[in-house]
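Report on one structure; see the data block that follows.
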Amino acid sequence: MTGALPGVVAAIVGWLAIGVLCILKPHDLRVVRVLFPAGAVIAVALAGIGLAALAAAPQSMVLPLGLPDLPFHLRLDPLAAFFLLLLGSASTCISLFSSGYFRNEEGAAPGLLGLQYHVFLAAMALVLVADDAYVFMIAWETMALASYFLVTTDHRKPAIRSAGYLYLLIAHVGAIAILLCFGVLQGGRGDYTFDAMRGVTLGGIAPSLAFFLALAGFGAKAGLLPLHMWLPEAHPAAPSPVSALMSGVMLKTAIYGMLRVTFDLMHVQLWWWGVAALALGLLTALFGVIFAAVQTDMKRLLAYSSIENIGIIVAAFGLAIVFQANDKPLLAGIALTAALYHSLNHAFFKSLLFLATGSVLHATNERSLGRLGGLIHRMPWVAWLALVGTLAIAGLPPLNGFVSEWLLLQAFLFTPSLPQSFVNMLVPLAAAALVLAVALAAYVMVKFYGVVFLGRPREPALVHAHDAGGLERAALLLLALGCVLLGLIPTNVIGAIDHVNAQLLGTSVRAAGESTWWLLAPVALERSSYSPPIVLVVIVGVVLATMIVVHRVWHGRVRRAPAWDCGFPLQTPRMQDTAEGFGQPIRQVFEPFFHIERHLPSPSDTTPVYFMRASDRLWTWLYVPIARTVEVLARVVGLLQQGRIGVYLGYSFVTLIALLLFVG
Amino acid sequence: MLGALASQILQVAVALALAPLLVGWVDQCRAWLSNRRAPSILLPYRTIHKLFVKDAVVADNASPLFRLAPYVVFGAMACAAAIVPSLGTALPFGTAADTIALVGLFALARVFIALAAMDIGTAFGTLGARREMFIGFLAEPALLMVLFTASLISGSTSLPTIVDTLAHGPLGIYPSLAFAGVAFTMVSLAENARVPIDNPATHLELTMIHEAMLLEYSARHLALLEWASALKLFNYSCIGLALFVPFGVASGANALAILGAAPVLIAKLAVGGALLALIETLSAKLRIFRAPEFLATAFLLAVLAMLVKLLLGA
C-alpha cells in the first residue's frame, strides 16, 4: 500500500476541485445533483484507502506547499486511517443525501453550499493526515471556517447569525488552547513537526499542561462541558446534511485530536488525567441526555444527544488512560476499542437521524416537535429507517449502539484492583452513571421517535407531507444498513480497530480474547461473551414462529374501528402528549439542573397563555459573567481611543521615550 | 451439545407454560389475603385462550408498528427466558447473550411497547408510554447494578456461570448480595407493574402505567402482551431465585437432575409468589412522583452492594 497517502492527497484535491466546479455555476441545481454524487465516489475511495491503510505500516510524505522552509508534513498511520474510514463512510451517505436534498431555497446558492461543503470535507481529511502543527492548525481552522459558513447558510435570520457567532467564538477559544498545547509539546526546540514532538521528553508539569490544554481545546470542538454551548445552537441552524456531517464526523476529529496528543505525541500518561477525563465525560453524558429529554425542537434534541454520546466516548478515553497509566494494557485496549467503536457507531446513527430530520423538515417545514406527529403514515421510508437509528442509539441489542456500550461496561466491570483506592471506589460509581445515561437515552429516543413519527398529526398541514426522494432514501438505507452491520459483526470491527490499539497502546484486544467471527469474547469465554448474529436470528425466529403459530392455531382476522381510549368520544390530536409533556417527569426530577422560566395563566385571564422554558444554567452562571467581564475590560481599553490625532501622537511619543529609557 | 440444546428448549417451554400459572397463583394469594373469594388458578390461561379466539380490533390510524410490537415484546421475553437458568444451567443461549444483553432485551421490549402505545395518539397511551419509560430509566440501571454485583462475585457476566458459581461453589456469605437482594426486590416490583409503583388490577385511568399502554390492544395482540408480562414476572422471579436462592438448580445437561429441579423450582416460585402477594397487600400505591424516590433507593442500594463487593471484597 505505497499509494495510500498519495491517494488521500488526491481525494483532498478532488474534493477541492469539486468545490471549485460547484461555484462556477452557483445557481444551477443540476451542478449539485451531479457533483455531490461525485464527491460521494471520492468518499467511498477514501473509506477504502482508510480500511486498507489500517493494517499497513505508517507512511509519510512532505509536500512543498505553504511558507518557505515550512513544507506540509503528512502521515498516514492506523489511527489516521481509522478516522479516514469513519469520515469516508459517513460522508458517502451524507453526500448522496445532499445531492437530493439541497434546493434553491436554503438561503445560500446551492453552488456556494457545494463549495463550502467540499472544502469542509477536504479540511477534515487534511486534519487527519497532518503531521506537523502548522498543517494541523491550517486544516483545523479551515474546517472551523467552512463549517461556520455552512451553519450560517440561512444568514438572513438573526438567530442563525448569532448561533454561528457563538460557534465561531468557542471554536477559536478551542483553537487557541490547541495551539498552546502544541507549543508545550515542542518542548522549546522550535520544531513543530509531530515527529519532533514524539522525540521530546517533557518533564515537570509540562505533560499535564499539554494534556489539559488538549482536553480543553479539542473538548471545545467535541462539546464537552462547559464548552458545549454551541452545539444546541449551531445544529438546528445548519441545514440537516451539515448537521449530520458536523455531529457525525467533525466531533470525531476532536476525539482524534485527543487520542493523537495523549497516546501518540506523549509517552507517559498519568492516571489522574484519566480520572479527570472520565469524570468530565460522564458529567457531559448525563448533562446532555437530561437536557435532550426536555427539548422541544427535534434538531436541538439530537444536538444534546450528541453531547451525551461524546461524553460516553470521552469517558471511555479516560478509562483507557487510567488503565494504561496503571500498566494494564489489555483493559486499556478494551476501553479504547469501546471509544473508537462508539465513535464509528455514533457517526452512523446520528447521521441517519439528522438526515431523517432533514427529510421531515423538507416535507413539513417544521422543526418543532409540538407541530409534528403521525409521519409514519405519510413518510414510511424515512420513518422505518429512522426507527433503526432510534433503536441503535437507544443501545438496544442486536444493533450497533449496544455493542460499544457492552464493551465499555466490560472494561468497567473487570477492573481489577488498581493501586489508587480512590479510583477503585470511583469505578463502580462511574459504571452506575454510565448505565443511567444509557437508560435515559432510551427515554429520549422514545420521545423523539414517538412524537415525530407516531400518533396523530398535530397540525392539519401534515397530511400533505411527502416521503423523501430516491437519493435520500438510498442514503438513509445505507446508513441503516451500516447500523445493523456494525452491530452484527463486532469481532471484525474490533479486528480493524485493533491496529489502532497496537499503534497507541501496543496491545491487541482481538488476540487476547477468544472471539470468533460470530462470538464476541474480549477477555475469556467464561468471563463474558455476546453473539449478535445469534441474538438477531433467535429474536427474529421467535417473532416469526409466534406469528405463524398464532395465525395457524387461531386466526389472523383484523377489524378496523375508531380508537377506544377508554370510550372517550371526543379525541383530537391536541390530546396527545406534547414534547413538553413527555419531558415533564425528567424536568421535575432533575429540576435543579435547569433554569426554568414559567408563566402560568391566572383564572381571570381572558386569553390564557401557558409558557415554560427550561434553559441551561451554565449560560447565566458562566457565559454571561465572562461576557460582562470582557465588555467591562473592553470599555477600559476603549478609554485609550480618544479619536484625536494629537493623543495618538502623544502615545507614540511616550512609547518612544519608554523604549529609549529601557533599551538605552 | 444435544443435551444442552434439549435442556435449553425444555426450559423455555417450561417458562412459557408456567408463566400464566404464576400470575394465577399470585392473584389467588392476593384474593385470599384481602378476604375475597379467589378466582381459579387457571384463569390466566382461560383469559389468554379467550383473547386468541376473538377477532382483533385495531384502531383506524394504527401503523404496522402497532401490530408488530406485541410479537417483538413476546419474542424478547421468550429470548430472555432462554438466558435465565430456571431449572438447570446448561443454557447454550447464555453464551450468546449475557446479563447485559438480558437487560438489553428487557429494554427492547419496553421501547417497543412504549412506541406502540404512542402510535394511536390517544391521551392515555402517550401517558402510559411516558410513565413506563420514566420508571424504566431508573429501574434498568438498578437491575444492571444488581447483576454486576453478582458478576463481580463470580467473575463472569454470563448468567448460567454466575448461578453455577453461587449454587455449587464453596458456600460463602456475601453481605453485598443482601443489599443487592433488597434492591432487586424493589426493581422487580416496579418493572412488573406491581404495587407500590403500579397496580395490575387497576383500571382507574389516571393511576395506571402498564395497563394504560395496552388500552388500544385487543384479542391476539392483547393475549400476547398479557402472556409476555406473565413471562416477564416469571423471568424476574427466576433471576431473583437464581441469584439469591440458587439451591436446587441443576448443573449440566443431566436429564434426571433437571427433572429433579422442577419440583424445587415450583416450590420456590410458590413461596416467592405468596411473598409478592403479601408485599402487594401490605403496601399502598405510591404517587407517581414518589416512584423516583423508591427507585433511586433501589439504585443506591445496588451501587452500595457493588461498592461493598469491591472495597470489602465480600
Between [atom1] of [X] and [atom2] of [Y], what distance do you get to the nearest 0.5 Å?
X	Y	atom1	atom2	answer
B:S156	A:L413	OG	CG	9.5 Å
A:Y449	B:L115	OH	CG	7.5 Å
A:F412	B:M306	CZ	CE	9.0 Å

Name the region of [X], side chain, backbone, both or neither, that has any atom closer than 4.5 Å to a heavy atom of chain B.
X	answer
A:P562	both
A:V540	neither
A:V589	side chain
A:L387	side chain
A:H555	both
A:V550	side chain
A:L391	side chain
A:I376	side chain

Work out which heavy atom in [X] is nearest to a heavy atom in [Y]; give both atom names and the distance.
X	Y	answer
B:T157	A:S528	OG1-CB, 3.2 Å
A:V446	B:A114	CG1-CB, 4.1 Å
B:G104	A:L396	O-CD2, 4.0 Å
A:P397	B:A101	CG-O, 4.2 Å

Most chain B-contacting option - heavy-atom pairs closer than 4.5 Å, from [options]:
options	result
A:G395, A:G373, A:P573, A:G556	A:G556
A:M445, A:R574, A:Q584, A:M547	A:M547
A:L544, A:V542, A:L434, A:V451	A:V542

Query raised in the report: Is the backbone of A:R557 close enough, under 3.5 Å, to the side chain of B:R220 for a donor and an acceptor to pair up by distance?
Result: yes

Query raised in the report: Quick check: does any side chain N or O of A:R559 sit under 3.5 Å from a backbone N or O of B:V58, one acting as donor and the other as acceptor?
Result: no

Could you check whether any side-chain heavy atom of [X] comes within less than 4.5 Å of a side-chain heavy atom of [Y], counting everything from C-beta outward?
X	Y	answer
B:M133	A:I586	no
A:Y530	B:I100	no
B:L144	A:L409	yes
B:R130	A:P585	yes
B:T122	A:Q576	no
B:F52	A:V553	no

Which bit of [X] is near chain A, if near means a heavy-atom gap under 4.5 Å: side chain, backbone, both or neither?
X	result
B:A296	neither
B:F66	neither
B:L224	side chain
B:S63	both

When only pairs under 4.5 Å are counted, which of [options] shares the most heavy-atom pairs with chain A?
options	result
B:G75, B:P141, B:P292	B:P141
B:P64, B:A116, B:G125	B:P64
B:L65, B:V303, B:L105	B:L65
B:A97, B:G155, B:S158	B:G155
B:E132, B:H221, B:R67	B:R67
B:E216, B:E293, B:E140	B:E216

**Report entry** Electrostatic pair B:D60:A:R560 at N-O distance under 4.0 angstrom
**Finding:** no

Query raised in the report: Hey, mind stepping through A:W564 and B:V57 against side chain to side chain contact (heavy atoms under 4.5 Å, CB included) and telling me if it holds?
Result: CA-CA 10 Å; A:W564 156 235; B:V57 181; over 6 Å; no

Are there over 12 heavy-atom neighbours, none belonging to [X], within less than 6.0 Å of that residue's [atom1]?
X	atom1	value
B:H49	NE2	no
A:W381	CH2	no
A:R371	CZ	no
B:F148	CZ	yes

Query raised in the report: Relative to each other, are the rings of B:F137 and A:Y443 parallel, tilted or perpendicular (30° and 60° limits)?
Result: perpendicular

Requested in this report: Dump the intermediate steps for side chain to side chain contact (heavy atoms under 4.5 Å, CB included) on B:M118 and A:F582, then the final yes or no.
Outcome: CA-CA 11 Å; B:M118 294 181 84; A:F582 206 90; 3.6 Å; yes

Query - Passing option when A:L454 is tested against B:I120, B:N61, B:D119, B:T126 for side chain to side chain contact (heavy atoms under 4.5 Å, CB included) - result: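 Per the side chain to side chain contact (heavy atoms under 4.5 Å, CB included) rule, the option paired with A:L454 is B:D119, out of B:I120, B:N61, B:D119, B:T126.
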
